A.B. asks: 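Dropping the structure in here first, questions after.
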Amino acid sequence: MLKGRHLIDPMDLTVEELESVFELADKIIENPGEYTEVCKGKLLSTCFYEPSTRTRLSFEAAMLRLGGQVLGFSSAENSSAAKGESVRDTMMTIASYADICAMRHPKEGAPKVAALNSTIPVINGGDGGHQHPTQTLADLLTIRALRGKLTDFTIGICGDLKFGRTVHSLIKALSRYENIKFVLISPEELKIPDYIREEILIKKGMGFQEIERLEDVMSELDILYMTRVQKERFFNEADYVRLKDSYILDKDKMSMAKQDMAVLHPLPRVNEISVEIDSDPRAAYFKQAKYGMFVRMALIMKLLGVEKC
Ligand code: CP
């Protein structure tokens, strides 16, 4: 039963609960017209202290498509955070206006603080370089749709693995499925944090390797998950400039890949996937963004405990 729960970390949902969300998303995709009023009278608040296109707008589109309404703010400057209000006080206020809240914050743990002070479900829409569980829902729904299952594949995860919250959440979530092998591709400075390597990959006995060159493993991958080197996470501009173009996926590299390899990316992209790849049938990242809206529709319904009449 997901009604009334928060989603802060991907491990907040069991594999069975995840599957129930995906099954509902499948039904919504198949018959969207049957869900246009299920959230009538419900309000979603989007509290975004950090920029977003996909997460905020897909949450808002999701609620509107379910017949609910939305209110919120899209930057800290447009809220009383600019006057020094705490996340706790903001959340205690929002909880008396809305039925459910999606929050993004640059500080790790802020949505957790909100959840601890909330009487309505709080969904983490990304907290600093920590976690991004609903991006993981979109990623898993995409992989499940493309491959028919969430087991038995080799996934290359490439780019900023240190600050990449989508990467941390995806590895955590996938660690519960059978026969997943990870190839972690990054410069030395952007390697996966120790807590993911030790607490998840090693402790759970996952197959994984850490390498620097994408070319060395292209032919082995069933899925390639590209990520952006995130300017906003660097303290030093010179480090960002040195690392930002570490990986660029282009036609030459794609020619080394399996014919059915899928390319995923949480987006936004900067230079790491050449635009020429967008027309390659293996490019799945815009489809992934669309699945993100459908899976958020399913999640909102589950957390609010609403059902199709
Ligand atoms: N994938 C993702 O979180 O995108 P936005 O930053 O645009 O929300």
Side-chain angles (χ1 to χ4, degrees), residues 7-10 21 25 44-65 70 72-79 100-111 114 122-143 145 155 157-174 223-234 240 244 247 249 262-273 275 278 283-300:
L7 176 58
I8 303 302
D9 184 284
V21 174
L44 164 75
S45 177
T46 49
C47 299
F48 276 56
Y49 295 82
E50 208 185 47
S52 166
T53 295
R54 272 145 296 274
T55 309
R56 186 172 66 84
L57 297 184
S58 66
F59 263 118
E60 294 188 357
M63 190 49 146
L64 293 170
R65 282 173 182 268
V70 297
F73 53 87
S74 59
S75 72
E77 292 70 38
N78 289 332
S79 77
I100 187 165
C101 174
M103 178 177 286
R104 170 171 290 186
H105 203 287
K107 277 199 188 139
E108 284 88 356
V122 176
I123 304 168
N124 179 4
D127 59 329
H130 190 217
Q131 299 293 331
H132 194 344
T134 63
Q135 179 61 48
T136 299
L137 297 184
D139 301 342
L140 297 185
L141 187 66
T142 308
I143 295 170
I155 180 167
I157 307 183
C158 178
D160 178 0
L161 312 189
K162 180 178 180 183
F163 300 113
R165 58 193 175 199
T166 66
V167 171
H168 307 158
S169 287
L170 182 60
I171 292 175
K172 275 183 141 182
L174 283 177
I223 296 165
L224 173 59
Y225 192 92
M226 293 295 293
T227 65
R228 171 176 68 97
V229 175
Q230 302 170 90
K231 188 176 185 185
E232 64 273 28
R233 307 276 175 239
F234 282 80
Y240 168 70
K244 71 184 174 69
Y247 303 101
L249 184 65
V263 182
L264 273 66
H265 190 312
L267 304 176
R269 124 180 93 181
V270 186
N271 285 329
E272 60 280 3
I273 301 180
V275 174
D278 294 359
Y285 29 92
F286 289 110
K287 201 182 286 179
Q288 185 184 353
K290 190 167 181 179
Y291 279 128
M293 178 186 70
F294 289 119
V295 86
R296 288 178 176 106
M297 289 172 80
L299 181 68
I300 289 170

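No experiment lies behind these values; they were computed from the predicted model shown. For reference, positions follow the sequence shown, starting with 1. Counting convention: from 1, in listed order, for ligands and their atoms alike.
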A.B. asks: Answer with yes or no whether the side chains of His265 and Arg228 bring together a donor and an acceptor at under 3.5 Å.
C.D. replies: no

A.B. asks: Is it the case that over 12 heavy atoms from other parts of the model lie below 6.0 angstrom from the CZ atom of Arg54?
C.D. replies: yes

A.B. asks: Would you please name every residue forming a ring-ring contact (aromatic ring centres under 6.0 Å, His included) with Phe73, sequence neighbours left out?
C.D. replies: Tyr49

A.B. asks: In a simple table, one pair per line, please give the protein and ligand 1 atom names for every N or O pair closer than 3.5 Å, along with the distance.
C.D. replies:
| residue | atom | partner | partner atom | Å |
| --- | --- | --- | --- | --- |
| ligand 1 | 1 (N) | Gln135 | OE1 | 3.0 |
| ligand 1 | 1 (N) | Pro266 | O | 2.8 |
| ligand 1 | 1 (N) | Leu267 | O | 2.9 |
| ligand 1 | 3 (O) | Thr55 | OG1 | 2.9 |
| ligand 1 | 3 (O) | Arg104 | NH2 | 2.9 |
| ligand 1 | 3 (O) | His132 | NE2 | 2.9 |
| ligand 1 | 4 (O) | Arg54 | NE | 3.2 |
| ligand 1 | 4 (O) | Leu267 | O | 3.3 |
| ligand 1 | 6 (O) | Arg104 | NH1 | 2.9 |
| ligand 1 | 7 (O) | Thr53 | N | 2.8 |
| ligand 1 | 7 (O) | Arg54 | N | 2.9 |
| ligand 1 | 7 (O) | Arg54 | NE | 3.3 |
| ligand 1 | 7 (O) | Arg54 | NH2 | 3.0 |
| ligand 1 | 8 (O) | Ser52 | OG | 2.6 |
| ligand 1 | 8 (O) | Thr55 | N | 2.9 |
| ligand 1 | 8 (O) | Thr55 | OG1 | 2.7 |
| ligand 1 | 8 (O) | Arg104 | NH1 | 3.4 |
| ligand 1 | 8 (O) | Arg104 | NH2 | 3.3 |

A.B. asks: Under a plain distance cut-off of 3.5 Å, with no hydrogens placed, do Gln135 and Asp139 share a side-chain donor-acceptor pair?
C.D. replies: yes

A.B. asks: So which atom in Glu108 and which in Gly129 form the shortest heavy-atom distance, rounded to 0.1 Å?
C.D. replies: OE2-N, 2.9 Å

A.B. asks: Atom NZ of residue position Lys162 - does it have more than 12 heavy atoms of other residues, nucleotides or ligands inside 6.0 Å?
C.D. replies: no

